[in-house]
2 protein chains.
Amino acid sequence: MITNMNILKNRLMEKGIKPTFQRLKVLEYLSNNLKNHPTVEMVYEELLKEIPTLSLTTVYNTLNNFLEKGLVSGVIITGTEARYDFDTKYHHHFLCKICGKIIDIDLKCGYALGEKRTVSGHRIDEVHGYFKGICKNCYKNLGTKPKGHSSS
Amino acid sequence: MITNMNILKNRLMEKGIKPTFQRLKVLEYLSNNLKNHPTVEMVYEELLKEIPTLSLTTVYNTLNNFLEKGLVSGVIITGTEARYDFDTKYHHHFLCKICGKIIDIDLKCGYALGEKRTVSGHRIDEVHGYFKGICKNCYKNLGTKPKGHSSS
DNA sequence: ATAATTATTATAATCATTACAAAGTAGAAA
DNA sequence: TTTCTACTTTGTAATGATTATAATAATTAT
Ligand SMILES: [Mn+2]
Ligand SMILES: [Mn+2]
Ligand SMILES: [Zn+2]
Ligand SMILES: [Zn+2]
């Protein structure tokens, strides 16, 4: 893990961000949760176990900082809370309305891949794409549930 | 305009929504602002001139109602506020970081057109896509502005 | 060591949205 | 018409995510 921390440290320094303990830990958490697209609260709650003095404000500031420097990417998909993605390579997302998971989607479209520089003559800086629906797994399990006269 | 109001009235009834005065006015406003992708506040502020008793809650409830019934579509793009689109046909959007305009974008991609039913095996219910950048017009005007030592 | 800069923390403020309950409206039943 | 009932609108309070502000701590420069 020491080696991994050094890699993260270098990433911060390359972007001109001073590698403080809190910043390293936030980045480490994101790198360990590639598939989770964590919310601010998730980052905060988890790191609080290790850093009892950690402030929520620091998590907000740190994530905003990372976002500005392009160290992480933001995923706006639920409308109620921002999520963060260690993976800055262009890709889309799928939000399952049943289990709430956010799944990475790779399309071969030129826009989705970030290859195209403009669209309809406008200069593109960011490309965001997402789907909402029912994921493969939840859809399969739908049949196993009672028809509707279930709960309480 | 009477004829137009009747068309809107029918649209509401087709979706099983009782065509009250407030609901008709909200729908009318959206239909007259196809290119604006209005926020809740924009709808409220404008209609308040005509309906001084209008409640912001009603606008929220009405728009949520329309959204559930598929009468309008939602555009989540700024992260800070929801926007609404009278046009429910699948299309993407472009947010200009300079002028703030939200521009309709039509792509020929099967997902953008809403033709594909699944992606990576997951059932698609909604497709959302947007770009952020600098629009054609703002980009053109960039050169005309002083280099940086401008304002006070 | 002292001063200046930057980071972190704690707390309050903001802003969009939702929850809730009171008051109003329209239409059916009596 | 009057009464009853279901639905709509309104006003206000609550919620929840995010940002602003100021105090404290840590780091860097002089
Ligand atoms: Mn992702
Ligand atoms: Mn549109
Ligand atoms: Zn699922
Ligand atoms: Zn523009």
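Each chain gets a letter, A, B and so on, in the order its sequence line appears, and its residues count up from 1. Given the structure is predicted, the values throughout are model-derived calculations rather than measurements.
Atom NZ of K18(B) and atom P of dA6(D) are 12 Å apart (whole Å). Atoms CD (E41(B)) and P (dT17(C)) sit 9 Å apart, rounded to a whole Å. The separation between N65(A) atom CG and dT6(C) atom P is 13 Å, rounded to whole Å. When the C1' atom of dT19(D) is taken as reference, atom CG of L56(A) falls 11 Å away, rounded to whole Å. Atom OH of Y44(B) is separated from atom P of dC15(C) by 16 Å (rounded to the nearest Å). In this structure, L67(A) places its CG atom 10 Å from P of dT19(D), rounding to the nearest Å. Regarding L63(A), its CG atom lies at a distance of 15 Å from the P atom of dA7(C), rounded to whole Å. In this structure, E45(A) atom CD and dG16(D) atom P are separated by 14 Å, rounded to whole Å.
Using a 4.0 Å cut-off, no side-chain N or O of Y60(B) falls inside it from OP1 or OP2 of dT18(C). Of the side-chain N and O atoms in N61(A), none sit less than 4.0 angstrom from OP1 or OP2 of dT8(C). At the phosphate of dT27(D), neither OP1 nor OP2 sits under 4.0 Å from any side-chain N or O atom of T20(A). Between T80(A) and dA17(D) there is no side-chain N or O to OP1 or OP2 distance below 4.0 Å. In this structure, T53(A) reaches the dT9(C) phosphate: one of its side-chain N or O atoms is under 4.0 Å from OP1 or OP2.
Side-chain atoms of Q22(B) lie closest to dT10(D) of the nucleotides dT6(C), dT10(D), dT19(D). In this structure, the nucleotide among dT9(D), dA17(D), dT9(C) sitting nearest to the side chain of E81(A) is dA17(D).
Outside the 6.0 Å centre-distance limit, the rings of Y84(A) and F66(A) are not counted as a close aromatic pair.
Both R23(A) and P52(A) lie close to DNA chain C; mapped to their nearest nucleotides by heavy-atom distance, the more 5′-ward contact belongs to R23(A). When the nearest nucleotides of DNA chain D are assigned to I17(B) and N64(A) by heavy-atom distance, the more 5′-ward of the two goes with I17(B). Both A82(B) and S55(A) sit near DNA chain C, but only S55(A) has its closest nucleotide nearer the 5' end.
At a cut-off of 3.5 Å, with distance as the only test, a side-chain donor of K140(B) or N137(B) sits close to an acceptor on the other residue. With no hydrogens or angles considered, a side-chain donor-acceptor pair links H93(A) and D104(A) at under 3.5 Å.
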Check against salt bridge (Lys or Arg N to Asp or Glu O under 4.0 Å), E14(A) and R11(A):
CA-CA 5 Å; E14(A) 281 165 21; R11(A) 279 226 202 185; over 6 Å; no

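For a distance-only test at 3.5 Å, the side chain of T57(A) qualifies as a donor-acceptor partner of the base of dT11(C).
Within a 6.0 Å radius of NZ in K101(B), other residues, nucleotides and ligands contribute 12 heavy atoms or fewer.
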